[in-house]
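Taking it in order: structure first as structure tokens, then the write-up.
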Amino acid sequence: MRHLDDGSIALPADQWRKTLVELELQARLCELLAGRLAVGRQDGAGDAGGAAAGTIAVGFGDLCKPRDYTALVPVCVPDDVGVDWPLPSPDLPVLRPPSGRTAASLAASHCPAIGYDLYGLDARATEQVVRSIEAAQRNNMNFVPVFITDGREVSVFLRFGYVFEVIPPEGSAPFDPISWAAYKRDRYDHIRRKWGLISIIDLSGRSAAKASRAGAASVVVAFPDYREGNPYQSLMYRDIGKSFALLFGDIEQANLQVANGAATIFHLHWEDAVYRFYPPDGQDAAVTRFLDGVRRFKGAGGRLVWTVHNIVAHDGGGGRVGERLKRELVGLADRLHVHSDWARDELIGTYAAEARRVAVVEHPSYADVYPPGAARDATRAQFGPRPDDTVLLFFGNIRRYKGIEGLLEAVERAGRDVKLIVAGRAGPYNPVVAGSDRIIRIDRYVDDQELADLLTAADFAVLPFQRITTSGSLMLALTFGVPVIVPRLASLQHLIRDGREGLLFDPDDPDDLGHAVERARQLSAWQRQAMATLARASVALRHPHVFAGEMHALLADLAGGSPMPEAAGAPAAADAAALALGSRNP
């Protein structure tokens, strides 16, 4: 930075945009604070110290400390309503949003925080949404909302004492359209991290306009929303607009759609999202509330579809609470969607599900979803393996059920030319030890491009599950034509034949994974190429377009049966109720 003769400041080229963003956000914050002060001066009376009664002290305060909201007078606003951090920083703590006036008792509780995107809604629609969410929060007392707005209408947030974040309207900052889209994406990510949001529900003017244009005869409400970290749901709902308006939300949002006269299907995916974000002593009550909501929904004519991703919970998660929820859902669901004949038979055998209600629609490949990988030799040179090494790839979050410990032992016993790349984040469970010359560790989130590069560079993907119902990782490896090394489990044998699409090992023999790694090492180049061709061919008929069409047909068939109420057109986003829960990356 340097001063010019006319008194202005010249910024380096790489700082001007960041400076403009910060100035714009500071200007918006000043506007909001000025509005708050005007609200605080409404009564105009003075106190003993000479200050106007109700005047708000402007300041950030200790944002992480719970407050006694019951002590606030009607015209006061918590001092963190509308506060903004100018730019993202990894050093800033996750904040706890105010719980609102009528839910003041939640101030010190550990309820999940959910974002509601109201960007672009007018005053009437914003008021309607906030009142709806306030009513749901008052009844459930199990979540805290954070609102995202364009800043044109903020008075309703002040009245209810809710936190809100402002993303200025497009055109108010000096960005070209591409830069503006990147700026908004960064802001949404920043807001999510700032308040620790487990989901951001789109109730904005954009979603309302989209639903209106669709002219849909029915509504699908899907839960939870894992689209950000997993493309599966986006692939599933590619064709949904042909017959439905699609919303992401909990059972209470589905109940509101039915109450508004819309023919509604509630589509549940990973059911553990119902309770997993609660402390152990609150999970049973969360399941009870959810099931009560499902029964009200079905009693009003709604239909329930449950996609059963995992018949047995990973790492033994859920326990008694998870089992209770699954057994109840099997009895309540109008359709139970599974990805294979094996899963259908297992669901019927384990939970006594009626065969006529179980539908098999196979998991799709990821064709045309991920970018092509970089050149194989270039990626290997970047991460360390030599051109003639046998490169194994283990990717995804490290979880105990994925069986990585046995893989690490097998690699350490293998020939010196075997290298293992472990790519993905670890949580509390992390058996990967740094320092081995056999293991290349990428201990962070791996984006789509880098994952594509790693798959292109690998000779085999190794997925040593202890148990599995459906594996998106397996489908992704096959899509890239990467042969796999997997256990000889019944849930996988409809896809993988030993010596063709990959190599199988006995999961009950602690040495057999090592034998499979050695077999992979000894395969010739032409044998590996043949296996790669068969791997890609095994999922060629499972294209995402086929999957989307079959899922649309399943939902449309269900919507066509009685006693679904007559459709009332696509609901406006402003009519959506609050979600009791939300979630992200499995």
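FYI, the numbering just counts along the sequence from 1.
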Report task. Show your working on side chain to side chain donor-acceptor pair (under 3.5 Å) between R528 and T390 and close with a plain yes or no. Result -> CA-CA 11 Å; R528 293 183 183 184; T390 297; 2.8 Å; yes
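- Between the side chain of K326 and the backbone N or O of I311, at least one donor-acceptor pair lies under 3.5 Å.
- Between I348 and E354, the closest side-chain pair of non-hydrogen atoms is not below 4.5 Å.
- Closest approach of D225 to I200, counting heavy atoms only: OD2-O, 4.5 Å.
- Atom CE of residue M236 and atom OG of residue S234 lie 11.0 Å apart, to the nearest 0.5 angstrom.
- Here the side chains of L393 and L455 are in contact, with some heavy-atom distance below 4.5 Å.
- Between E450 and R444, at least one side-chain N (NZ, or NE/NH1/NH2) sits under 4.0 Å from a carboxylate O, which counts as a salt bridge.
- For the 3.5 Å distance criterion, the side chains of D368 and H543 qualify, holding a donor opposite an acceptor.
- Between the side chains of W526 and S524, at least one donor N or O lies within less than 3.5 Å of an accepting N or O.
- Ring geometry, H363 versus H339: the interplanar angle falls from 30° to 60°, so the pair is classed tilted.
- You'll find the side chain of Q253 stays beyond 4.5 Å of the side chain of F266, heavy atoms only.
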Requested in this report: May I have the step-by-step check of side-chain contact (heavy atoms from CB on, under 4.5 Å) for I442 and F383, ending in yes or no?
Outcome: CA-CA 9 Å; I442 306 175; F383 290 103; 3.4 Å; yes
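- A perpendicular orientation is assigned to the rings of F244 and H552, their planes being inclined by more than 60° (bins at 30° and 60°).
- Between T264 and V221, some side-chain heavy-atom pair lies under the 4.5 Å cut-off.
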Requested in this report: Verify salt bridge (Lys or Arg N to Asp or Glu O under 4.0 Å) between R295 and E328, making sure each step is shown before the conclusion.
Outcome: CA-CA 10 Å; R295 293 187 182 95; E328 293 272 9; 2.9 Å; yes
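- Residue A410 comes nearest to G514 through the heavy atom pair CB-CA, 3.7 Å, listed as atom of the first residue, atom of the second, then distance.
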Requested in this report: Would you sort out whether L235 and R238 count as a side-chain contact (heavy atoms from CB on, under 4.5 Å), showing the intermediate values?
Outcome: CA-CA 5 Å; L235 301 181; R238 272 183 174 180; 3.6 Å; yes
**Report entry** Chi angles and distances behind the salt bridge (Lys or Arg N to Asp or Glu O under 4.0 Å) call for D459, R521
**Finding:** CA-CA 9 Å; D459 295 298; R521 174 175 173 268; over 6 Å; no
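- Without hydrogens or angle criteria, D250 side chain to E252 main chain gives no donor-acceptor distance under 3.5 Å.
- Checking side-chain atoms of S365 against main-chain N and O of R542 turns up a donor-acceptor pair under 3.5 Å.
- Contact of the L329 side chain with the V308 side chain is not registered, since no non-hydrogen atoms from C-beta on lie closer than 4.5 Å.
- Here the side chain of S538 pairs a donor or acceptor atom with the backbone of A535 at under 3.5 angstrom.
- Looking at H309 and T470, their side chains never bring a donor and an acceptor atom within 3.5 Å of each other.
- In terms of modelled atom types and a separation under 3.5 Å, the side chain of D389 and the main chain of V418 share no donor-acceptor contact.
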Requested in this report: Applying side chain to side chain donor-acceptor pair (under 3.5 Å), run through Y351 and E323 and close with a yes or a no.
Outcome: CA-CA 10 Å; Y351 293 103; E323 277 298 299; 2.8 Å; yes
**Report entry** Worked check of side-chain contact (heavy atoms from CB on, under 4.5 Å) between L513 and L407
**Finding:** CA-CA 7 Å; L513 175 55; L407 173 59; 4.0 Å; yes
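- For the residue pair P231 and Y366, the shortest heavy atom distance occurs at CG-CE2, 3.6 Å.
- Under the 3.5 Å distance criterion, the side-chain polar atoms of K298 are left unmatched by any main-chain donor or acceptor of L304.
- Atoms CH2 and NE2, from W306 and H337 in turn, are 12.5 Å apart once rounded to the nearest 0.5 Å.
- Between the side chain of T379 and the main chain of L454, no donor-acceptor pair closer than 3.5 Å is present.
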Requested in this report: Please assess D417 against R386 for the test salt bridge (Lys or Arg N to Asp or Glu O under 4.0 Å), listing each intermediate value before the final yes or no.
Outcome: CA-CA 8 Å; D417 57 347; R386 297 172 301 180; over 6 Å; no
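- Between atom CZ of residue R497 and atom CG of residue L495 there is a gap of 10.0 Å, rounded to the nearest 0.5 Å.
- Checked against the 6.0 Å centroid criterion, the rings of F547 and Y232 qualify as a close aromatic pair.
- Looking only at distances, no side-chain donor or acceptor of Q233 sits under 3.5 Å from a matching main-chain atom of F223.
- Among all heavy-atom pairs drawn from L463 and P487, the shortest one is O-CD, 3.3 Å.
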Query raised in the report: How far apart are the C-alpha atoms of L451 and D447, what are their side-chain angles, what is the distance that settles it, and do they pass the side-chain contact (heavy atoms from CB on, under 4.5 Å) test?
Result: CA-CA 6 Å; L451 181 54; D447 64 24; over 6 Å; no
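- A 4.5 Å side-chain heavy-atom check between R519 and D498 finds at least one atom pair inside the cut-off.
- Between D506 and R488 there is no salt bridge, since no side-chain N of the basic residue sits under 4.0 Å from a carboxylate O of the acidic one.
- P483 has its side chain out of reach of L503: every pair of non-hydrogen atoms, C-beta onward, lies at least 4.5 Å apart.
- Distance check: D512 CG to H515 NE2 gives 6.5 Å after rounding to the nearest 0.5 Å.
- One distance of note links CZ of R438 with CG of L420; it measures 11.0 Å at 0.5 Å rounding.
- Without hydrogens or angle criteria, E362 side chain to S340 main chain gives no donor-acceptor distance under 3.5 Å.
- In this structure, V287 and V274 approach most closely via the heavy-atom pair CA-CG1, 4.2 Å.
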Requested in this report: Quick one: do R192 and D189 satisfy salt bridge (Lys or Arg N to Asp or Glu O under 4.0 Å)? Show the steps, please.
Outcome: CA-CA 5 Å; R192 185 190 295 274; D189 179 66; 5.3 Å; no
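- Smallest separation of non-hydrogen atoms from A423 and V446: CB-CG2, 4.0 Å.
- Using a 4.5 Å heavy-atom cutoff, the side chains of I485 and L504 are not in contact.
- Between the CG atom in D453 and the CZ atom in F480 there is a gap of 8.5 Å [rounded to 0.5 Å].
- Proximity of a side-chain donor or acceptor of R335 to a complementary backbone N or O of R357 within less than 3.5 Å is not detected.
- A side-chain donor from one of H267 and T307 sits under 3.5 Å from a side-chain acceptor of the other.
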